[in-house]
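The structure appears below as structure tokens.
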Amino acid sequence: MVVMAGGLGTRLSPDKPLLEVCGRPMALRMAEVGGRLGPVTFAVVRGRPGEGLPGPKVYTSGRGYEWDVVEAVEAVGTPALVLPADVPLIRVDHLFALVEGCEADLCNLLSLGRFVGISLWRSSRPATHQDVELGERILNVNGPVELELARGECAKVAEGRS
């Protein structure tokens with residue numbers, strides 16, 4: 001399990017993996033959910049805020065999400081479930097849907113046709129690719145609007161409205 005938590009954060013903040021949703025930093029929320037399926041390693045860029053997260057880490061170059069994912073997967077080995085820190089409302093059943101639906105070397109989880117950064121790597125040099133559609137909305141926190149939406153979802157759950 002790899003939680004991507006150390007990019008440049010150019011669309012929101014370099015502190016993005018540490019921004020709180022539901023009272024916890026987003027990267028730790030992802031590690032808690034992902035940790036139900038196996039051990040978690042954080043992928044971070046040296047000198048970025050994610051470097052301060054507790055637990056095992058691998059360091060990536062910071063050339064971009066796609067490059068950093070490949071570097072992280074090569075460092076931890078396969079199979080590897082890759083979770084970006086910016087989908088803090090993901091549930092373990094979403095991850096099971098990807099794992100159970102994946103029949104290729106590399107599978108991406110789609111939320112209503114859109115890639116959300118979650119992928120299952122069964123090979124570090126995938127020959128086959130598959131998209132697994134979840135069929136429901138996953139909120140990807142890329143900017144201040146999505147961050148407030150995620151925080152609003154937490155408030156609804158706390159109030160028993162969701």
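Below, all heavy atoms of this structure are taken into account, side chains as well, without hydrogens, waters or symmetry copies. The first residue of the sequence shown is numbered 1, and numbering continues consecutively from there.
- Applying the side-chain hydrogen bond (donor to acceptor under 3.5 Å, both in side chains) test to R151 and every residue at least two apart in sequence or in another chain returns E148.
- Here the side chains of N142 and K16 are in contact, with some heavy-atom distance below 4.5 Å.
- The two residues A127 and D105 have their closest heavy-atom pair at N-OD2, 2.8 Å.
- Put simply, NZ on K57 and CZ on R46 are 10.5 Å apart, with the number rounded to the nearest 0.5 Å.
- The main-chain N or O of L89 is never found under 3.5 Å from a side-chain atom of E153 such that the two would form a donor-acceptor pair.
- When atom types are taken as modelled, the side chain of S123 and the backbone of R125 share a donor-acceptor pair closer than 3.5 angstrom.
- Annotation for I90 and V33: closest pair O-CG2, 3.6 Å, computed over non-hydrogen atoms.
- Taking every heavy atom of both residues into account, A72 and A43 meet most closely at CB-CB, 3.8 Å.
- Note that CG of L28 is 5.0 Å distant from CZ of F42, once rounded to the nearest 0.5 Å.
- Not a single donor-acceptor pair under 3.5 Å links the side chain of D86 to the backbone N or O of N140.
- Between the CG atom in L112 and the CD1 atom in I138 there is a gap of 9.0 Å [rounded to 0.5 Å].
- Between M26 atom CE and L19 atom CG the span is 5.0 Å, to the nearest 0.5 Å.
- Proximity of a side-chain donor or acceptor of R29 to a complementary backbone N or O of P88 within less than 3.5 Å is detected.
- The minimum heavy-atom distance linking V116 with P84 is given by the pair O-CG, 3.4 Å.
- Applying the salt bridge (charged side-chain N to carboxylate O under 4.0 Å, His left out) criterion to E20, with sequence neighbours excluded, gives no partner residue.
- The salt bridge (charged side-chain N to carboxylate O under 4.0 Å, His left out) search around E146 returns none, not counting sequence neighbours.
- Pairing each heavy atom of V132 with each of C107, the nearest pair is CG2-CB, 4.3 Å.
- From E71, atom CD reaches atom CZ of R63 across 5.5 Å, with rounding to the nearest 0.5 Å.
- Residues V76 and W121 are not in side-chain contact: their nearest non-hydrogen atoms beyond the backbone lie 4.5 Å or more apart.
- Formation of a donor-acceptor pair under 3.5 Å by the E133 side chain with backbone atoms of G113 is found in this model.
- Screening residues 14-74 for disulfide (SG to SG under 2.5 Å) gives C22-C154 as the qualifying pairs, with residues at least two apart or on separate chains.
- Residues V44 and Y59 meet the side-chain proximity criterion, which asks for heavy atoms closer than 4.5 Å.
- The distance from atom OG1 of T60 to atom CZ of R48, rounded to the nearest 0.5 Å, is 11.0 Å.
- The backbone N or O of E32 lies less than 3.5 Å from no partner atom in the side chain of R24, so there is not a single donor-acceptor pair.
- Tracing side-chain contacts under 4.5 Å through hydrophobic residues (I, L, V, M, F, W, Y), one never reaches V73 starting from W67; they form parts of separate clusters.
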Run the side chain to side chain contact (heavy atoms under 4.5 Å, CB included) check on L149 and V141 step by step: do they pass? CA-CA 9 Å; L149 285 171; V141 177; over 6 Å; no
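- Listed by chain and residue number, L120 satisfy the side chain to side chain contact (heavy atoms under 4.5 Å, CB included) test with V99 (two or more places apart in sequence, or in another chain).
- Residues L110 make up the rest of the hydrophobic cluster containing F115, defined by ILVMFWY side-chain heavy atoms closer than 4.5 Å, directly or through other members.
- Of all heavy-atom pairs between L95 and G34, the closest is CD1-CA, 4.1 Å.
- When each of L98, L109, L106 is checked for a side chain to side chain contact (heavy atoms under 4.5 Å, CB included) with S119, only L106 meets the rule.
- Side-chain N or O atoms of E136 include none that pairs as donor or acceptor with a backbone N or O of S111 at under 3.5 Å.
- Within the 3.5 Å criterion, the main-chain N or O of G62 finds a donor-acceptor partner in the side chain of D68.
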